[in-house]
Amino acid sequence: MSTLDESNVVSTAFSGDEVLRVDLAGYEGPLDILLGLARTQKVDITKISILALAEQYLAFIAEAKRIRIEIAADYLVMAAWLAYLKSRLLLPPGEEDDEPTGEELAADLTFRLGRLDAFRRVGERLFAGILLGRDVFARGAPEGVRVIKAPIYEASLFELLKAYADHKAQAGAVALTITPKTVFTFEQATRRLTALIGMAMDWQELERFLPGELVDDFTRRTAVASTLSASLELARQGKLDIRQQAAFGPIYLRKATRTP
Amino acid sequence: MSGGSELVPVREADAEFQSYVRMAEALLFAAVEPLDEATLKARLPQGAVIADVVGALTRSYANRGVNLVEVGGRWTFRTAPDLKYLLEFVQQEPRRLSKAAVETLAIVAYHQPVTRAEIEEIRGVSISKGTLDLLIEAGWAKIAGRKRTPGRPVTYGTTEAFLEHFSLKSVGDLPGIDELKATGLLEARIASNDASGESEDGEAEVRAAELPLATGPDAEG
Amino acid sequence: MSGGSELVPVREADAEFQSYVRMAEALLFAAVEPLDEATLKARLPQGAVIADVVGALTRSYANRGVNLVEVGGRWTFRTAPDLKYLLEFVQQEPRRLSKAAVETLAIVAYHQPVTRAEIEEIRGVSISKGTLDLLIEAGWAKIAGRKRTPGRPVTYGTTEAFLEHFSLKSVGDLPGIDELKATGLLEARIASNDASGESEDGEAEVRAAELPLATGPDAEG
């Protein structure tokens, strides 16, 4: 992205020596930040050093934390994952054979960054092409010939879907007042936990799996309850391990060591 | 159609003059209304003699399917008079469907086969007779059959032309409630309690048989 | 646009062929939208070879201020790209798309048919409300069908209006698509891990185990 976004903020931050300017506002998630950071290495995206990238990202997040910027959960999840990746990359290979090697994980990340980068580039090329109404123009006052199949009546798919959605919205509006929105449901917890547990190679406190944006104490309690229920269900399915060392003590979760 | 330009045919060969012709051609083509000399003069490079440029353009289009014509001192492209017949029988003014018609069409698409009474029940208002007729006239809705309930009411469904117009492979490709939400078309909060509402169809006849229709025009917009 | 027409240059001289060219010219000039072969064929006399007629017309307009171009397999006249500076006065307010929308459109275009989950996987964030529906509203994206994976998710693709807007003959004409294909970036997954390439959708766990995804349904604004 050569224009109109804030990814330049970090570029400048890391090209100069340790002048870390942290601003999460312009970013669309952790992958976007990683790509911004990767660009500062000024090499072909397929040749970036993932290890250096991981360190940059961790420094970025640490700085954001230090100056108390609100960080969404997925940025922290990525940080945890990169810390894990870093340790895998630094560790001599050959241990724990059931896990993908650090190189494999790094290759996967490189692939994803390269892919996102590629789609961004072609997106720019698309808009740099010959656009109707900007670069070329249709006849200003056509006398009117239409494609034979063109109907007399016009309606777009958008209108059709919007009409139905609006209708549903109206129909649903009555029930809306009854449903408290603040409950973090069992389904949500299961989905979230399923997505996150893969990163928990080691024991992590249950608290760490709670969603980041818990507005009040009530929501938080529902989140704890549903996440605990979800973890029990996932443990039953053999997808994760649970540990609690004392009554009322903290509960720890990790990815199941044996695949079910 | 200035006869004067024929006196200086040399100029037409020159590249600069040809570039003016190209510019005038593009301008006259893209303009939403006929352009006068002053407008062309303002857009073309200084030194372009508009009468000559327009004259050359007029001549080069003289025998083509489209001609450059002068109307009230302004120029515009028009279909050659002898080819007007090609356009006449196909000229049609596209008309937009009303909001009520689009909504009815959406309900027919999502709930087919559906009776008129069911549509009214779902929409909460009675539908004017013209709405379904119009959808049938547009070629998007058709009579699908009859329902096996007392009175054997006619049911409606969508046509092949409907699928074609909206680029759908099948009716099953219409996004469901969750997908509408995911796309951003439906407020995310709303329909989470709608899982049961999904299967309205099966019970519709019961309800339709029991409930009086909302008849007032005041039920919704 | 058929290369074949060059083999029979005789025809272009013949009066009948020229009359077809005039007719096609008139129709294409008068048309509100690009015309396809079927539409031209239906309007022209029997025996007119549309590809030849359109080819001749394309060539005769090649160096003019207005060109005949193919978009999405249909033909239309457009002003020559090099004259854009002249026509700024008719320019429409360009639709300003957000970075997210441009990226999403690129993924839909180059990766179609693509599910919402796949778009999210590539972008690493959940799709914000208003991105896909904006593209659908602009008439550039449409529902392409459903994927044969668990849950049969809706897939998205681009429309003819998209090709028209970006002056593309077909999806295969997208800039850089060959490079993207050659680098393997359009393939679902990197080969190194497990070969779960095809059915990405149902397997959130597999992906999550490899790389974190954006998890919150509202991870972005």
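Every chain is numbered from 1, with letters handed out A, B, ... down the list of sequences. Everything numeric in this text was worked out from a predicted model, so none of it was measured.
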If the test is salt bridge (Lys or Arg N to Asp or Glu O under 4.0 Å), which one of A:R120, A:R121, A:R115 qualifies with C:E103? A:R120
Is it the backbone or the side chain of C:L174 that comes under 4.5 Å from a heavy atom of chain A, or both, or neither? side chain
Of the non-hydrogen atoms in A:G123 and C:A106, which two are nearest, and what is the gap between them? CA-CB, 3.7 Å
Separation of A:L131 CG from C:E164 CD (nearest 0.5 Å): 12.0 Å
Identify which of C:P81, C:A80, C:A141 forms the greatest number of heavy-atom pairs closer than 4.5 Å to chain A. C:P81
Shortest non-hydrogen contact from C:V125 to A:G29? CG1-CA, 3.4 Å
Are the side chains of C:F29 and A:R139 in touch, meaning some heavy atoms are under 4.5 Å apart? yes
Would you give the length of the straight line joining atom CZ of C:F166 to atom CZ of A:R134, rounded to the nearest 0.5 angstrom? 8.5 Å
d(A:D135 CG, C:L87 CG) to nearest 0.5 Å is 10.5 Å
Got A:L31 and C:R123 here, is their nearest side-chain heavy-atom distance under 4.5 Å? no
Expected output: side-chain C:T79 to main-chain A:V136 donor-acceptor under 3.5 Å: no
Quick one: closest heavy-atom pair of A:R112 and C:E121, and the distance? NH2-O, 2.6 Å
Counting only non-hydrogen atoms closer than 4.5 Å, does C:N67 touch chain A with its backbone (N, CA, C, O), its side chain (CB onward), both, or neither? neither
Examine whether an atom of A:L161 lies under 4.5 Å from a heavy atom of chain C, and if so say whether it belongs to the side chain, the backbone or both; otherwise answer neither. side chain
So A:V122 and C:I177, do their side chains get closer than 4.5 Å, heavy atoms only? no
Between CG of A:L160 and CD1 of C:I136, what distance do you get to the nearest 0.5 Å? 11.5 Å
Quick check: closest heavy atoms across A:P142 and C:A30, and the distance to 0.1 Å? CB-O, 3.5 Å
Heavy-atom distances under 4.5 Å only: say whether C:L105 touches chain A with side chain, backbone, both or neither. side chain
In the structure I gave you, are the side-chain heavy atoms of A:L126 and C:F162 within less than 4.5 Å of one another anywhere? yes
Between the side chains of A:E28 and C:K99, is the shortest nitrogen-to-carboxylate-oxygen separation below 4.0 Å, so that they form an ion pair? no
Between C:I107 and chain A, with a heavy-atom cut-off of 4.5 Å, which part of the residue counts as in contact: side chain, backbone, both or neither? both
Less than 4.5 Å apart, side chain to side chain, heavy atoms only: is that true for A:F119 and C:L185? no
